[in-house]
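Following: one structure in structure tokens, then a few remarks.
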There are 6 protein chains.
Amino acid sequence: MTDLNGSRPSGRAADQLRAVKITKHFTKHAEGSVLIEFGDTQVICTASVEEKVPPFLRGQGQGWVTAEYGMLPRSTGTRMRREASAGKQGGRTQEIQRLIGRSLRAAVDLTRLGERTIHIDCDVIQADGGTRTASITGGFVALSIAIEHLIERGLLAENPIIQQVASISVGVYQGTPVLDLDYAEDSNAETDMNLVMTDKGTFIEVQGTAEAAPYSMDELQAMLELGRKGVAELTEIQRQALAE
Amino acid sequence: MTDLNGSRPSGRAADQLRAVKITKHFTKHAEGSVLIEFGDTQVICTASVEEKVPPFLRGQGQGWVTAEYGMLPRSTGTRMRREASAGKQGGRTQEIQRLIGRSLRAAVDLTRLGERTIHIDCDVIQADGGTRTASITGGFVALSIAIEHLIERGLLAENPIIQQVASISVGVYQGTPVLDLDYAEDSNAETDMNLVMTDKGTFIEVQGTAEAAPYSMDELQAMLELGRKGVAELTEIQRQALAE
Amino acid sequence: MTDLNGSRPSGRAADQLRAVKITKHFTKHAEGSVLIEFGDTQVICTASVEEKVPPFLRGQGQGWVTAEYGMLPRSTGTRMRREASAGKQGGRTQEIQRLIGRSLRAAVDLTRLGERTIHIDCDVIQADGGTRTASITGGFVALSIAIEHLIERGLLAENPIIQQVASISVGVYQGTPVLDLDYAEDSNAETDMNLVMTDKGTFIEVQGTAEAAPYSMDELQAMLELGRKGVAELTEIQRQALAE
Amino acid sequence: MTDLNGSRPSGRAADQLRAVKITKHFTKHAEGSVLIEFGDTQVICTASVEEKVPPFLRGQGQGWVTAEYGMLPRSTGTRMRREASAGKQGGRTQEIQRLIGRSLRAAVDLTRLGERTIHIDCDVIQADGGTRTASITGGFVALSIAIEHLIERGLLAENPIIQQVASISVGVYQGTPVLDLDYAEDSNAETDMNLVMTDKGTFIEVQGTAEAAPYSMDELQAMLELGRKGVAELTEIQRQALAE
Amino acid sequence: MTDLNGSRPSGRAADQLRAVKITKHFTKHAEGSVLIEFGDTQVICTASVEEKVPPFLRGQGQGWVTAEYGMLPRSTGTRMRREASAGKQGGRTQEIQRLIGRSLRAAVDLTRLGERTIHIDCDVIQADGGTRTASITGGFVALSIAIEHLIERGLLAENPIIQQVASISVGVYQGTPVLDLDYAEDSNAETDMNLVMTDKGTFIEVQGTAEAAPYSMDELQAMLELGRKGVAELTEIQRQALAE
Amino acid sequence: MTDLNGSRPSGRAADQLRAVKITKHFTKHAEGSVLIEFGDTQVICTASVEEKVPPFLRGQGQGWVTAEYGMLPRSTGTRMRREASAGKQGGRTQEIQRLIGRSLRAAVDLTRLGERTIHIDCDVIQADGGTRTASITGGFVALSIAIEHLIERGLLAENPIIQQVASISVGVYQGTPVLDLDYAEDSNAETDMNLVMTDKGTFIEVQGTAEAAPYSMDELQAMLELGRKGVAELTEIQRQALAE
């Protein structure tokens, strides 16, 4: 991968992640809880176990994983209107929380989870680009901690997690494909793509959007390659955090 | 591309589109209006011109293209609850209409459109899979007709359309990558991907979701290739419809 | 009935209906489905069978017929705001769908329908006046087809329909009572009255509203007479459509 | 008119109104305010003057009259859910307040009212049938008082009221047409019709609904005749109240 | 207590209540119903018995008392927007109805009430300050009448009321602590405090808000003393009303 | 003050605050930002400056301070429903944010603030009783930092803060008045009172609610005295935090 010769606002190499930090047990009530940081982006991810499933799954002998996402009103440079006060979640919020839920369900064999729901709440304390990828990556760790908790308490006999799931953004910034866009890059990128992948290098979601101009097959391939590298690093960071 | 030996429920070849039909001027009031059919999927797309822009664009000398999407309650096999009656648009509806809007804005040089908004309404009369790809493909034609109407009436001096935009789904069905999934395939696919592309073969959106299992890089590449072929055929059908 | 000597915008005689056309099986999923046209007014009416009744009727051994009504945003000359997006159905929509539901319940012996609900959805594709009367008239046909479907499948032993129900508008336009107002007349009428009647000439609903000026008993009587004639023609058209 | 030989639950003759009482200045803040009683039905009607018009009328040199309707939760035999708490006005409420607004606008030459709005609020304190007819009849008096108030304060040079408006219900109860149904009759009537008429005997609204069975032309004519008599009595009561 | 030498707008002494009047059985449907007047403030309080409890109390062998509060749109000097039309209850309304509910639950031994709910509806017909204190004071009487009704009908063996509850406002107006503020005082007071107390002189709620400036401990003590006197008078008035 | 001999669940003396910690600049975007901890209760308070005022204040030459409050869904022992997803803020939330706003407005001379709004957002990360008192106490510090920021940037010539504002809870727990209730105490207290006071020992708000039983004048006095002591300590902690 070509170095941008310092042209990224952060001075990072094109294929370089921001500093990623996972603090486990960040809050005390949830069965699983982490603070995940992708540079200045900070998200609290909690996993809450509820011993029942939604109506559409009752009596089918399987569990469910679902997610909600929110931003504190002043997690951003300009204060956003509080969604609870506006009376509804915006389209962007709904898209993101549906994406988190789908992604994390792919990590779990729901039939082995039993008839219970795990709610993942991802709340952005501070935003600097990449809040959805941090949410998925941290949400996986919170989910894993909650499942360990169920195993420790004897509520689960075997671990229903079948693979690790992590997510990263890639994009084309000033003509060059780059990994893990921060806000300064994200708001000026020609293209923005979010990848959700497993620790086996397979794909769960590919969502690529041309912002300024359509992108070519070559650019698409370069972005996929960068993302594959980034997710490999993130799944290693997840393993280390869980092993501590 | 391997033939499925008739194993698609419809008997189509793996790389074969359904019959696509575009009926122009389907309703009389809108500046642009088509009925688009992808097999049994039928969507009315209208383009309505409004001579003002949303508040966030006022005074900036540019126009806007936005979209809304809906399904008639019994466009589907089981009646769905009417969203107007439920009091809100669901997350899926919002995702789709945001996708249609983003995709069609990529077709237009908004500064050349002038300070006006074109509203694209995509209403599904009958659903059989692929309603969002039909909406984008038909929406482009409705948009083009509305712009011709503005040119004919002297309200636009030059055509602001910079490229054609069309969309198709691809997926992995029973282990084989296939083009343009109908409902029977869509509801059983391992993977479902929607591509929005230009007539130049570049990408506007790639949205691929693993449904049953993560997909490999090889499957991803095969799907991208199929989609490229399908969009090329759709842009040809759009050209013929507009030329009539 | 005095002829207006061509003074109706459409050139019709005062007591002349627009061309009325009923296309059965317009969409494929619903148990009953028609497209009804009153001139340029086009409404899709579907009847969906649900094998349960609303809470207030449970265990009472009777069925229910209910209706919802909607207009596509650009079914009208100027685009209307989509009700699903606005977050609620307007007062006019609620009035109309309550009227359709009441009217069609009068066609059916609900105790003979069994503990099931038939949902009538009337969606206006193109509006040119008289959308509620077209909805009732077409809704009756969709309802009848759905009931035939239940009989054919052995779910109903006898037909619970006790009478035909159809609806027409009458009004006073430029001082003359006229039948079946189109939009050009409706928006300028002194008085607008909607009649819902049976094939036996009895009344289900009379709703007459003075728009520009109160109307006299003589005008009321003339409108009732015109409506009686119009409904007689509509019930004949319904019979022919059902017999085909 | 045939006497029912005492068979009405109230013992009234078929063509007999309940005791109607209008108490002016029932509350102190509103420009016009009355308590109107139709027997045990009690409605507070206030008229509030606002010195501006809704957006769709701005700059057109005319005024507006609009109405809202509500029922106290325990105005009825069984407590109803409070609409403010439910988060929306039901379909019945909206129908009624639209009817009241249309009816009272017919009483006023809006161009002579000037660019102001008169809001009529009709709040049912106690319900025993006929709340909408009491609301219209009392609303007219509150409106008249508010207009007198404007004239007294020199804000209006001439009275814009062009005719009196009053309303009454008629129905078919146990086979006999009767005037002014109370709750005991209303809930068992075969047919229920609300008439809004002027002091000149002309019609503003006719709304007749078959409840148990369609009604014949003869029954319709008998109800219209009864209603005409009832409204004539109500307009006389309005005149007396305003003259005091 | 210092006399204000007539400086209260109403001419009352600093420790003088307005004329308080309680009219029992003001409306006929509710199990308990009063009109309570604190001078020009008029509130209809009804108590409605429902033979079930909210979900969170089911099967616990106890009852519930809850309250809702509303103001007629023109109960005030300027018309307020109707909350049912606005689609939600404002923050002030919710605060007040939560206060009324908490206060009246303190009057009742809920386990002796049995598994039923008493709904208290407080609807302000005319407002002149002190609507929440009038609501609580009148609500207690309506509640008591409903309970007597239950006893008379044999549905309750013993009276679950354990103490009387009444409420009054106190404040600092032009530097002097005063009792029972009317609107002219309330809108200009430095401090406004609402007390809910029992007939035993104990406290249920103390809610004191500095409006113009913080208040001292001395002012707080003076207000508490005034309130104690006012509540003692109100509980006597309640006893007389219930004894009649 | 009597020691409880260790009977408080936390082992604190009756008049002892929890450890209170204020971390300034907790997030980077807001003009003022703190994390405040009252023991295990953790609240992020941000102050956001907006250079305009709400419509009701436009053109009056004064500023505004307003507050919003929220809890992360799993800040509590059992996950709460997210208010943004529920579609509205509950009554408790609205009460608390109105209280925070009123309290902090008392700290500021709004005319000296200029025509701008300061939004205080209080988001509870972890709850263990006393979230509203922590919000007010921390909100004052965030507000002060934002005002220092305005002064540093030359947007304000003089400091509009006129007094410090802090808040603490007091209650009666197992018969003894105690200061700063944590969740274990709060959920079992006989009485719960929140005091908002200034650094001068005057009162902004007193809100005392009998939970299990009415409280006597003696208990009220003891709680007021405890609160006075607690607020004095809190204002000292605020001063130290601001001085650092």
Side-chain angles (χ1 to χ4, degrees), chain E residues 66-69 87-103 105-107 109-110 162-165 170 172 190-221 223-225 227-228 231, chain F residues 66-69 87-103 105-107 109-110 162-165 170 172 190-221 223-225 227-228 231:
Chain E
T66 186
E68 288 191 341
Y69 169 92
K88 64 173 180 175
Q89 295 180 305
R92 177 185 171 276
T93 294
Q94 290 192 53
E95 271 188 39
I96 292 175
Q97 65 193 14
R98 284 157 57 93
L99 172 65
I100 301 169
R102 277 199 310 274
S103 298
R105 280 193 290 281
D109 180 340
L110 294 170
I162 51 180
Q163 56 201 342
Q164 279 177 255
V165 170
V170 285
V172 177
E190 288 98 62
T191 297
D192 181 14
M193 175 173 282
N194 292 293
L195 299 176
V196 184
M197 297 181 68
T198 69
D199 55 338
K200 296 159 189 159
T202 52
F203 294 91
I204 305 220
E205 290 261 347
V206 174
Q207 294 197 339
T209 300
E211 300 287 346
Y215 49 97
S216 66
M217 183 63 93
D218 285 351
E219 287 171 320
L220 173 55
Q221 299 298 344
M223 289 190 285
L224 291 171
E225 204 48 52
R228 188 139 71 162
V231 166
Chain F
T66 185
E68 289 191 341
Y69 169 94
K88 63 173 181 176
Q89 296 181 304
R92 177 186 172 275
T93 294
Q94 290 192 54
E95 270 188 40
I96 292 175
Q97 67 193 12
R98 284 158 58 94
L99 171 65
I100 301 170
R102 275 200 310 274
S103 297
R105 280 194 290 280
D109 180 340
L110 295 170
I162 50 180
Q163 56 201 341
Q164 280 177 254
V165 170
V170 285
V172 178
E190 287 99 63
T191 297
D192 182 14
M193 176 173 281
N194 293 293
L195 298 177
V196 185
M197 297 181 68
T198 68
D199 55 339
K200 296 161 189 159
T202 52
F203 295 91
I204 307 226
E205 290 262 347
V206 174
Q207 294 197 340
T209 301
E211 300 288 345
Y215 48 98
S216 66
M217 182 63 94
D218 284 351
E219 288 171 318
L220 173 55
Q221 298 299 343
M223 289 190 286
L224 291 171
E225 202 50 50
R228 188 138 71 161
V231 166

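The model shown is predicted, which means the values in this text are computed figures rather than measured ones.
- Heavy-atom pairs under 4.5 Å with chain F were tallied for I204(E), T93(E), L99(E), T191(E); the largest tally goes to I204(E).
- R98(E) meets the salt bridge (Lys or Arg N to Asp or Glu O under 4.0 Å) test with E95(F); sequence neighbours excluded.
- Contact count versus chain E (heavy atoms, under 4.5 Å) is highest, among A213(F), S216(F), A210(F), G208(F), for G208(F).
- The contact between R228(E) and chain F is made entirely by side chain atoms (from C-beta outward), counting heavy-atom distances below 4.5 Å.
- Ranked by heavy-atom pairs under 4.5 Å with chain E, the list R92(F), K88(F), Q207(F), Q89(F) is led by R92(F).
- Every pair passing salt bridge (Lys or Arg N to Asp or Glu O under 4.0 Å) that includes a residue from residues 205-221 of chain F is listed here, sequence neighbours excluded: R102(F)-E205(F).
- Take A67(E) and apply the side chain to side chain contact (heavy atoms under 4.5 Å, CB included) test, not counting sequence neighbours, and it matches I100(E), I120(E).
- Using a 4.5 Å cut-off between heavy atoms, Q221(F) contacts chain E through its side chain alone, with no backbone atom that close.
- Residues of residues 192-203 of chain F placed with any heavy atom under 4.5 Å of a heavy atom in chain E are listed by number as T198(F), T202(F), F203(F).
- Taking both residues in full, the closest heavy atoms of Q163(F) and P214(E) are given as NE2-CG, 3.4 Å, listed atom of the first, atom of the second, then distance.
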